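Shown next, in structure tokens, is the structure this report addresses.
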Amino acid sequence: MTTVRVPPGWPATEQQARALQDELRARVVLDEPGPQPGAGRVTGVDVAYDDERDVVAAAAVVLDAATLDVVAEATAVGPVSFPYVPGLLAFREIPAVLAALDALPCPPGLIVCDGYGLAHPRRFGLASHLGVLTGLPTIGVAKNPFTFTYDDPETPRGSTSPLLAGTEEVGRALRTRDGVKPVFVSVGHRVSLANACAHTLALTPAYRLPETTRRADALCRAALREAT
DNA sequence: GCGACAG
DNA sequence: ATCTTGTCGC
């Protein structure tokens with residue numbers, strides 16, 4: 001486990017944070033298909049908090065994309081660097097996530113975030129931001145539709161429907177288990193939406209949420225417990 | 001102006 | 001995210 005260090009120039013106010021999103025958005029790459037599902041490695045990242053004690057714990061868990069076996073993992077603990085503000089989640093999570101990624105003994109491959117990428121008020125969510133800062137391919141898989149709308153996908157696993165901001169498709173509602181509430185997939189950096197959905201399906205052989213986020217969630221909670 | 005709102 | 005017990009079910 002390592003310590004969180006806040007990146008240089010990290011915004012201190014909501015205004016600065018929004019301005020930074022508007023600036024960094026130009027660096028997002030949307031015209032690459034991204035890595036093939038089932039090949040190479042896939043890394044899940046997640047964060048847990050104890051705001052009372054001003055502690056944040058992040059975890060990064062690397063899986064073999066073919067077997068979904070854990071091949072590496074790392075955690076990071078430190079002070080909370082930003083409050084939760086809808087639309088500014090990245091500023092709360094990224095410092096800790098970067099520290100955990102830096103502590104990994106191997107390259108992460110594709111990174112799966114717990115939240116959104118393109119599906120964001122300014123089209124620059126957590127997955128987009130993390131992708132731009134690392135240069136790595138990223139996608140976002142969220143548990144809730146945030147402010148977006150969607151029609152319920154058909155019952156079978158694999159069914160999708162557009163996640164809409166007005167008439168713009170910013171992501172996809174993807175059914176990962178028959179008849180169970182869908183997850184909400186959006187593009188981060190250097191991955192197409194279709195490929196992001198394919199990866200999500202490959203990561204959900206048994207549960208609604210991707211194995212990557214399940215593993216990362218369990219690990220960062222454990223790290224928070226040990227740090228408290 | 002008021003509420004809603006990823007985690 | 002987090003606060004929180006038992007409980008129904010495979």
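Below, each value reflects all heavy atoms present in this structure, side chains not excepted, and no hydrogens, waters or symmetry copies. All values reported here derive from a predicted model rather than from experimental measurement. All chains are named by letter (A, B, ...) in the order of the sequence lines, taking the proteins before the strands, and each is independently numbered beginning at 1.
Computed from coordinates, the A/Arg18 CZ to B/dC5 C1' distance equals 12 Å when rounded to whole Å. In this entry the distance linking CZ of A/Arg214 with C1' of B/dG7 reads 18 Å, nearest Å. Between the CG atom of A/Asp51 and the P atom of C/dT2 there is a distance of 9 Å, given to the nearest Å. Taking atom OH of A/Tyr49 as the reference point, atom C1' of B/dA6 lies 11 Å away to the nearest angstrom. Between the NE2 atom of A/His120 and the C1' atom of B/dA4 there is a distance of 15 Å, rounded to whole Å. Between the CZ atom of A/Phe148 and the C1' atom of B/dA4 there is a distance of 13 Å, rounded to whole Å. What separates CG of A/Leu118 from P of B/dA6 is a distance of 18 Å, to the nearest Å. Protein atom CG of A/Asp217 is 12 Å distant from nucleotide atom C1' of C/dT2, rounded to whole Å.
The side chain of A/Lys143 contributes no N or O atom lying less than 4.0 Å from OP1 or OP2 of B/dA6. The shortest distance between the side-chain N/O atoms of A/Asn144 and the OP1/OP2 oxygens of B/dG7 is below 4.0 Å. Listed pair A/Arg221 / C/dA1 meets the phosphate criterion, a side-chain N or O lying under 4.0 Å from OP1 or OP2.
Residue contacts for A/Leu163: at a heavy-atom cut-off of 4.0 Å it reaches no nucleic acid atom on any strand shown. Counting any heavy atom pair closer than 4.0 Å across all strands shown, A/Ala119 reaches no nucleic acid atom. When heavy atoms are screened at a 4.0 angstrom cut-off, A/Gly87 is found touching base atoms of the nucleic acid.
Ring to ring, A/His129 and A/Phe91 are close: their centroids are under 6.0 angstrom apart.
Taking the charged nitrogens against the carboxylate oxygens, A/Arg25 and A/Asp22 do have a contact shorter than 4.0 Å, which makes a salt bridge. Salt-bridge check for A/Asp152 with A/Arg175: passed, with a basic side-chain N closer than 4.0 Å to an acidic carboxylate O. A salt bridge links A/Asp114 to A/Lys143: one of the charged nitrogens lies within less than 4.0 Å of a carboxylate oxygen.
The closest donor-acceptor contact from the side chain of A/Arg53 to the backbone of A/Asp50 lies at 3.5 Å or more, if one exists at all.
The A/Phe146 side chain lies nearest to B/dC5 when the options are B/dC5, C/dT2, B/dG7. Minimum atom distance to the side chain of A/Asp46 is reached by B/dG7, of the listed B/dG7, C/dT2, B/dA6.
Residue-nucleotide stacking is not present for A/Tyr84 and C/dA1, judged by a side-chain ring centre under 5.5 Å from the six-membered base ring centre and planes under 30° apart.
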